[in-house]
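Scroll down for the structure; my scribbles are underneath it.
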Amino acid sequence: MLPNPLPPDELRPRRIDGRDPRGAIYFLPWGIDFGTARWLGLLGGRDWQACYRLADAMVSPNPEVCAGCIAAIERDVIRLAARNGPPSRLVGFSLGSVPATLMAGRLGRPVWSFASADRGELMIWSSPAAHAIRREAERRGFRRDDFAAALHRYNPIQWIDRVAPDSRVVVGRFDRLVPRARGQALLDRARRRIVGDHLLELPLGHVAVLAASGFLQRRWLRAEAMRR
């Protein structure tokens, strides 16, 4: 393992606490702050437990830095769960679906995952959004196998089998940032565990899936309330 070139503070996400200590925990897309997330409709009100803004260093040409940022979120969510009990659900958007799926699997809770992919190293090596990261990683001497080794434990495809069966996964058929093969691989694995009509491939791109997530969340919450 290579030495970590960043101090611990730069690996930590920022967290805002909501009003419900047993409510949902949100994980925003990389590079999106709380104000922008609210404006986009990704989360509403404050009737949730916590919301994480991912550390900027989570997208890094050093695989150990990427893994360290996810591990920092994992430790913090474990502390919250020890204090408050397990959250009602974990909601992840784009790169935020990585810690959301990890923690839903660890805690056996539902994940609501939007614009998701299966494996980090394959995203870095295939997504147009990560082209500059891949090029810099190769300049530093890293290869795809280095990212695969560092991120293996955190990949959504490693944890989707352990989330609650009433979880939901949404991908976009025309997502240019998450290649279709990456979303399809996650859906294929998720079918072993999650109810079929809870797995959606929408005829949308990446941003449109995120924009639709607010409407979908409200619809799902209304359906849950009616069942109760």
Side-chain angles (χ1 to χ4, degrees), residues 9-60 66 69-70 72-73 76-77 80 84 87-104 109-117 120 123 127-130 132-133 156 167-179 182-183 186 198 200-225:
D9 284 350
E10 294 186 42
L11 300 179
R12 292 176 185 161
R14 297 185 212 168
R15 189 186 85 212
I16 286 183
D17 293 329
R19 293 188 296 230
D20 183 355
R22 299 296 294 271
I25 296 179
Y26 284 85
F27 304 86
L28 300 181
W30 181 74
I32 297 294
D33 60 25
F34 302 110
T36 303
R38 292 177 70 87
W39 181 79
L40 291 172
L42 303 187
L43 67 164
R46 293 295 292 271
D47 294 326
W48 31 266
Q49 180 178 169
C51 179
Y52 287 89
R53 183 192 188 279
L54 305 183
D56 291 340
M58 190 164 163
V59 179
S60 169
C66 299
C69 290
I70 303 171
I73 296 174
D76 199 61
V77 175
L80 283 182
N84 299 331
S88 58
R89 68 186 60 85
L90 298 107
V91 184
F93 308 95
S94 190
L95 187 59
S97 66
V98 174
T101 309
L102 163 68
M103 297 315 304
R109 304 301 294 162
V111 64
W112 289 2
S113 176
F114 298 94
S116 318
M123 279 293 294
S127 172
I133 296 295
S167 294
R168 298 176 183 268
V169 179
V170 183
V171 302
R173 187 175 306 154
F174 304 116
D175 193 327
R176 296 183 179 179
L177 301 185
V178 179
R182 304 278 55 82
L186 185 63
H198 286 191
L200 302 178
E201 184 184 28
L202 301 179
L204 300 173
H206 192 82
V207 174
V209 169
L210 299 181
S213 67
F215 165 77
L216 291 171
Q217 290 181 73
R218 290 190 295 273
R219 188 173 75 179
W220 297 339
L221 288 171
R222 285 195 299 269
E224 286 186 357

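Any value given below was found using the heavy atoms of this structure, including those in side chains, with hydrogens, waters and symmetry copies removed. Just so we're clear, the structure is a prediction, and the values are computed from it rather than from any experiment.
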Nearest 0.5 Å please: distance from the CD1 atom of I25 over to the CG atom of D17.
9.5 Å
Heavy-atom pair of closest approach, residues L54 and P99:
CD2-CG, 4.3 Å
Starting at CG of L43, measure out to CZ of R38 and round the result to the nearest 0.5 Å.
6.0 Å
One should read off an interatomic distance between D175 CG and E201 CD, to the nearest 0.5 angstrom, of 10.0 Å
Residue R46 excluded, over 12 heavy atoms near CZ under 6.0 Å:
yes
Using the side chain to side chain contact (heavy atoms under 4.5 Å, CB included) rule, pick out the option among T36, L42, L95 that qualifies with P29.
L42
Partner set under salt bridge (Lys or Arg N to Asp or Glu O under 4.0 Å) for R182, not counting sequence neighbours:
D118
How far does CG of D76 sit from CZ of R15, to the nearest 0.5 angstrom?
4.5 Å
Taking every non-hydrogen atom, the tightest pair across A212 and L204:
CB-CD1, 4.3 Å
For V169, is there any backbone N or O sitting under 3.5 Å from a side-chain donor or acceptor partner on W112?
no
If the plane angle is over 60° it's perpendicular, under 30° parallel, otherwise tilted; pick one for W48 and Y26.
perpendicular
Would you say that L216 contacts R168 through its side chain, given a criterion of any heavy-atom pair below 4.5 Å between the two side chains?
no
So, for V111 and A104, which heavy atoms are closest and what is the spacing to 0.1 Å?
CB-CB, 3.6 Å
For a 4.5 angstrom cut-off between non-hydrogen side-chain atoms, does R109 reach S167?
no
Any donor-acceptor pair under 3.5 Å linking the side chain of S113 with the backbone of G92?
no
Heavy-atom pair with the smallest gap, counting every atom of G183 and V171:
CA-CG1, 4.1 Å
Donor-acceptor under 3.5 Å (S97 side chain, F114 main chain):
no
Would you say that more than 12 heavy atoms from the other residues, nucleotides or ligands in this model lie under 6.0 Å from the CZ of R14, or not?
no
Shortest non-hydrogen separation from R53 to I32 and the atoms involved
CG-O, 3.4 Å
What's the spacing between R89 CZ and E224 CD if we round to 0.5 Å?
4.5 Å
Got a donor-acceptor contact below 3.5 angstrom from the H206 side chain to the R176 backbone?
no
Which class fits the ring pair Y52 and F27: parallel under 30°, tilted 30 to 60°, perpendicular over 60°?
parallel
For the pair R22 (side chain) and N84 (backbone), establish whether a donor and an acceptor sit closer than 3.5 Å, ignoring hydrogens and angles.
yes
So, for C69 and A55, which heavy atoms are closest and what is the spacing to 0.1 Å?
SG-CB, 4.0 Å
P156 vs V98 side-chain heavy atoms within contact, under 4.5 Å:
yes
What distance separates M123 CE from S116 OG, expressed to the nearest 0.5 Å?
10.0 Å
